[in-house]
Each structure stands twice: as structure tokens, then as C-alpha cells.
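Note sheet for the following structure.
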Amino acid sequence: MQFYCESLTGYKRLKTREVKIGDLLLGNFHPIRVQTMTTTDTMDTIATVEQSIRCIEAGSELVRITAPSKKEAENLLAIKNELRRRGYTTPLVADIHFTPNAAEIAARIVEKVRVNPGNYVDKKKFEQIDYTDAEYADEIERIRERFTPLVKICKEYGTAMRIGTNHGSLSDRIMSRYGDTPMGMVESAMEFMRIARNENYHNIVLSMKASNPLVMVQAYRLLVHTMMNEFEECYPLHLGVTEAGDGEDGRIKSAIGIGSLLEDGLGDTIRVSLTEDPEFEIPVCKDLVRRYEDRSQRSEAGSQTSDFIPHTSDIGLPYNPFEYKRRETHEISNIGGKHVPVVIADFMESKAITTDNLQSVGYTYDEVTDKWTIGDGAADYLYVHKKLIDFALPGTLKVICDYSVWLQAADKAKYYPLYTPAEYLQQNERSPLLNFIAVDTNKPAAMELLPAIRNDRSIVLCIYSSHANAMVSVRSYITELMNQGIACPVIVAVESHDTTIDEQLIHFSTEAGALLLEGMGDGIWLINSETMIKNSKVSGRTYLPMKDNRQFVNNTSFSILQATRTRISKTEYISCPSCGRTLFDLQETTAKIRSVTNHLKGVKIAIMGCIVNGPGEMADADFGYVGSGPGKITLYKGKEIIKRNVDSAIAVEELINLLKEHDAWVEKEVYESH
Ligand code: SF4
């Protein structure tokens with residue numbers, strides 16, 4: 001059985017148990033709650049109270065505060081009292097790693113505790129031990145003894161609990177048996193769940209966070225599947241992508257992970273972890289949740305919104321929703337097969353196209369030398385609508401235009417036609433190599449097209465949907481292509497009518513990212529209106545300066561491909577959101593490291609605030625920059641410490657040296673083309 005959500009053909013939320021956190025109800029179709037976490041020192045009561053208030057005023061419905069040891073756990077009382085004195089009753093959550101004693105104190109004070117099953121009982125030693133079944137059972141017994149007191153306190157005090165698994169901090173026991181797989185993450189939580197249920201304690205929320213949205217999405221799906229099989233019910237899900245980073249990339253990664261799950265009706269509360277002040281996370285959360293308010297209102301709680309044309313037949317999914325496998329497609333020119341997904345830059349609204357315009361999509365023209373410089377994030381195709389271009393294009397760039405215009409184009413090796421389904425079915429003239437068809441999967445023509453394209457090896461479909469549940473509609477159509485054995489490549493086309501940068505990023509990331517995570521999509525084509533970007537408000541502070549709307553859309557396309565790991569075109573940053581444990585200014589340091597390393601295509605660099613959790617949680621980073629004491633940084637190659645306690649004043653230089661020593665450094669350069 002492949003069950004992981006209520007519906008694959010319409011929006012229907014998954015029913016989960018109701019959980020009470022103070023006066024806040026979560027799960028069981030209650031609104032999706034938004035939350036964040038403070039970054040202040042928990043011992044600084046006033047700073048923590050004031051930051052909590054900024055978060056609450058921004059709309060946070062829960063505020064999490066780190067409690068690394070007993071003294072911070074005890075100080076939660078002072079924080080809570082001061083917040084109540086100032087009239088704020090928002091439930092507080094204690095964030096616990098490694099310290100059951102702190103958890104047991106906090107559970108008597110705040111409304112919810114978060115434990116990490118990867119480190120609640122065990123300190124990670126990175127040991128590979130082969131456990132016999134009996135030894136494994138002994139380990140579980142040891143966890144039971146250590147975890148049960150907390151469960152009993154939570155029951156007695158009416159305190160809720162989150163069992164929050166992190167991909168980067170699984171215990172040695174889980175790693176030895178399952179590896180760092182989604183199944184390992186699920187089992188890590190299930191071990192604790194079984195103990196809690198045995199005590200008849202159910203006030204539980206679960207999370208399966210990872211910095212890689214693909215791992216995260218698969219882990220949540222598998223968790224639902226496993227809970228339904230074993231418990232015949234689901235507990236509420238707290239969704240989040242860890243160490244997502246800052247600015248656009250952080251928002252894109254979060255939206256792909258969280259948005260993909262929300263699309264399928266999963267998720268009862270969300271946190272967007274950005275390396276920015278926590279109150280900046282809340283507008284992003286709200287933008288994410290707002291997308292589903294309409295859909296929920298249109299249906300009774302738990303029932304389904306109007307169906308689109310249901311393409312998916314009842315024979316089940318032709319792919320495994322718990323594993324990534326790219327849909328197999330024909331190779332046509334540089335699209336499909338084993339090619340990375342292509343990027344189509346939309347010039348539909350442009351009146352005329354100049355060499356200068358192409359700079360926004362990765363091509364810089366030098367008039368003196370008559371040469372093009374091509375960046376890593378250079379689009380592969382231009383869509384020019386009804387225009388033709390009057391200058392020589394760089395060799396790697398091709399043009400898609402409407403069929404009627406293509407008929408007039410002299411250079412048929414450079415221009416390719418885009419048909420409507422009707423134009424294609426009318427047996428019009430075609431390119432011998434490559435023909436695009438724009439398909440709205442919500443229209444009957446989408447299905448009528450299938451018999452005609454079945455044997456046409458020149459077809460690439462550019463698919464979108466006019467249905468409110470566009471992603472699900474498109475996924476269902478691609479599923480039908482798979483069921484019918486039609487292997488033409490597919491370009492995922494997404495149009496945004498949103499009015500802010502944040503909303504557009506979320507819309508593009510969710511709609512396109514969710515499909516790419518399913519292995520669907522041989523290309524991406526994002527469309528918005530030129531005027532929108534000018535009027536956009538920016539909630540965060542770290543957006544990179546952008547030349548114009550085309551550059552914004554082009555960057556977003558490449559960032560979505562990067563976050564889904566389908567096409568790597570730049571450096572990958574894994575930076576923790578920071579918390580009371582953070583030992584340096586994470587935002588400033590992240591910006592500094594980014595400015596000197598952002599040309600290192602494909603290198604993954606983690607920037608983590610503390611040595612307690614940082615190394616465990618930096619997941620699959622190639623290099624790590626980790627705070628190890630006031631003014632001290634420890635540098636890692638993978639999980640291995642290379643330079644310990646480096647003075648922070650020279651730590652970025654030392655990181656560059658480390659990159660050089662391991663052949664991960666190149667000087668900034670671009671290559672040229674006529
Ligand atoms: S890694 Fe960052 S967010 Fe996690 S505990 Fe350390 S400082 Fe806090």
C-alpha cells in the first residue's frame with residue numbers, strides 16, 4: 001500500500017489526533033499553526049521575552065526557546081511569568097537536546113517540550129556497532145527507562161511534546177541499523193512513540209526535519225504510512241526544513257519541502273527556519289499557509305475540494321512515493337533522458353529583445369570582442385512569444401516561439417515551435433527535431449492529445465494547470481503519461497499572479513519543486529508579470545540585489561533546481577537558524593562566507609552556531625564552519641575536525657585555505673562563447 005495522504009486528486013487534509021498545547025488546539029483539522037524559535041540567550045530573560053513578543057506580534061502561535069541545561073530550563077519560568085505579566089499567553093515550547101534533566105524541569109513549566117530522539121538519551125559517538133536483535137531490544141529498554149519519567153511528567157502537567165527527528169542527528173543505534181535514511185528517521189521517532197503510547201500519553205506532535213527537502217518529504221510520507229499501518233491513526237505533523245539558510249534560497253528550500261507536503265494535505269503546524277531574525281520567519285509561514293485557507297474553506301473540514309479532470313487511474317501510482325526516481329523520458333536535443341532539467345526564460349511580455357536583456361538570464365555580451373560570456377545560471381531556451389530576434393545569439397541558447405511565428409523564422413535550427421493542442425492535432429508543419437506543445441492539464445484537450453503524441457519522438461510537453469490545485473492536477477497528468485507508457489519529456493510551467501517576492505517564491509517553489517521531488521520534470525518555465533516585482537515588499541533583509549524581474553525569475557528557476565538537487569549550478573549553504581546556543585553572529589558570518597565562496601559550484605558549506613548540535617546537524621555538508629567557544633571556530637571536512645578552535649578573526653581565511661587544501665577551491669572565472 002502506498003498510502004501517505006488522503007487524496008492524490010484534490011485537496012483533502014489528513015485527519016490527525018487533536019493535541020492541546022496550553023489553550024491552543026493543533027491537529028484534527030484545526031488551522032495550520034505557525035511558529036518560530038528565539039535566538040537569544042535563554043538566561044537573558046528580558047531579551048528572550050522581548051524577542052518572543054516580536055514573534056508573537058508578527059503572528060507566531062507558539063514560541064520555542066532553547067533549554068540546553070537545567071539552568072536555562074529553570075529560567076523558562078521567569079520568561080513565562082514576564083510574558084504573562086505583559087499580557088502574552090502564547091504557549092511556550094522548550095527545545096531539548098541531550099539533557100533529560102532539563103526536559104523534566106521544563107515540562108513542569110512550559111506548555112510543550114521538544115525532544116530529539118537522536119540525542120535524548122544517547123550522546124553521538126559516530127560509532128558503527130552491529131547490534132544483535134537482543135542488544136537492540138536492550139537499547140530500547142534503556143530508552144524506555146530514561147524517557148518514561150518525562151512522559152509521566154507531561155501527562156501529569158498536561159504538557160504536550162514534540163518528538164522531533166532530525167536527519168542530521170540520528171543516533172548511532174539508528175544509523176547502524178538503517179543508515180541516515182527516511183526509514184531511519186521514522187523508526188527513530190516510532191521508538192519513542194511506542195513508549196509514550198504504552199503510557200497512554202497521546203499529546204504528541206511529530207517532525208521529520210532535514211536540510212534536503214527530498215529526504216524531508218519522503219520521511220514525512222513514510223511516517224504517515226508507518227503510523228497508519230501500526231497505530232491506525234496519525235498524530236499531528238510539525239513541518240520544517242532545517243538549516244535552510246537565508247534570503248531567497250532559505251525561502252525556496254523551505255517552500256519546496258513544506259509546500260510539497262501541504263499540497264497533499266499533510267501538516268498541522270509549520271516552522272520556516274531561516275538564518276534571519278525569527279520574526280522574519282512568520283510572514284513566510286503565513287504566506288505558505290494562506291495558499292490552503294481558500295482550499296479548506298471551499299470544502300468541509302476534511303472533505304475534498306472540487307476535483308480536476310481525474311487523470312490518475314485507480315491502479316495505483318506507477319512510482320514509489322517514498323523513493324526518488326526520475327521519470328524516464330526520451331532524449332530530444334538537450335531535453336529529457338539523462339540531461340539535467342533545462343531552464344526556459346520567459347520573454348513573452350518584452351516588446352523587443354536586446355543583447356542587454358540577456359544579461360538577466362546569464363549571457364553577457366561584449367561589443368568590442370563580439371563575445372558572449374556565459375554564467376553558471378544561464379537559461380537554455382528563451383520563449384519569445386510572437387517575436388523574432390535580430391542579433392546573433394550565443395551558441396548554447398535556443399528559442400521557442402509561437403507556431404505561427406516559427407513558420408516565418410529563417411533559422412529553423414535555432415527556433416522551435418510552440419503549439420496549442422489544437423494546432424498540433426491539425427497536422428500542421430512541424431520541426432523535424434523538436435516541437436513543444438503547451439498543455440493545460442485541466443482541459444479535455446490534454447487527454448485528447450495523448451494518442452497523437454504517443455509515437456512522436458519530437459514532442460516536449462510544456463504543462464501547467466488552470467485548476468486551483470495546479471500541482472496535483474499536473475502530477476496526476478504526468479502519472480497518467482507514465483501509466484500509458486508515454487515517455488515524452490515534460491517542462492513544468494508555473495505562472496504566478498502573486499504580488500510579493502515572498503509569495504512568488506513560495507508559489508514557484510511549491511508548484512515546481514513538488515513535481516521535481518517526484519522525479520517529474522525535464523525543464524522548468526516560470527512566468528510572472530514584469531510589473532509585480534517592482535511593487536513587491538520584502539519581508540527579510542538578505543535578498544541579493546537583482547537587476548530586474550527576469551533575473552529574479554531566472555535565479556529562482558536555478559535555485560529550485562538546486563534545492564531539489566536536480567541541477568547543481570552554485571554553492572550550497574546549510575546554515576542553522578541560530579538559537580540561544582549560538583556563539584557568533586550567524587547572519588553576518590553567513591553573508592561573509594557566502595560572498596567569498598559563492599562561485600564554488602556544487603560545494604556544500606555548513607555554517608553552524610554551536611559545536612553541541614552543529615556537527616551532527618550539518619548533514620551531508622562537504623565543509624563545516626562551527627562555533628566552538630566565544631571567538632573560536634572549528635573547521636570540518638565532512639564529519640572530521642580539521643582545524644580546532646581557530647580565532648574567529650581569521651576563520652574565514654582558514655576556511656578558504658581548507659577548501660584549497662582539498663581541491664574544492666577555484667578562482668572566480670567564466671567561460672566564453674561566440
Ligand atoms: S546548531 Fe545552531 S540552531 Fe542548532 S543548537 Fe547549535 S546554535 Fe542552535
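All heavy atoms count here, side chains included; hydrogens, waters and symmetry mates do not. Every number for a ligand or one of its atoms is a count from 1 in the order of the listing.
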Using a strict 4.0 Å threshold on nitrogen-to-oxygen distance, state whether [X] and [Y] make a salt bridge.
X      : Y      : result
Arg86  : Glu50  : yes
Arg142 : Glu139 : yes
Arg290 : Glu503 : yes
Arg54  : Asp277 : no

Atoms listed for atom 2 (Fe) of ligand 1 (protein only, N, O or S, under 2.8 Å, no waters) are Cys576 SG
Would a distance-only check, ignoring hydrogens and angles, find a side-chain to backbone donor-acceptor pair under 3.5 Å from Thr566 to Leu561?
yes
Among all residues two or more places apart in sequence or in another chain, which pass the side chain to side chain donor-acceptor pair (under 3.5 Å) test with Thr589?
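Side chain to side chain donor-acceptor pair (under 3.5 Å) check on Thr589 returns nothing, list empty.
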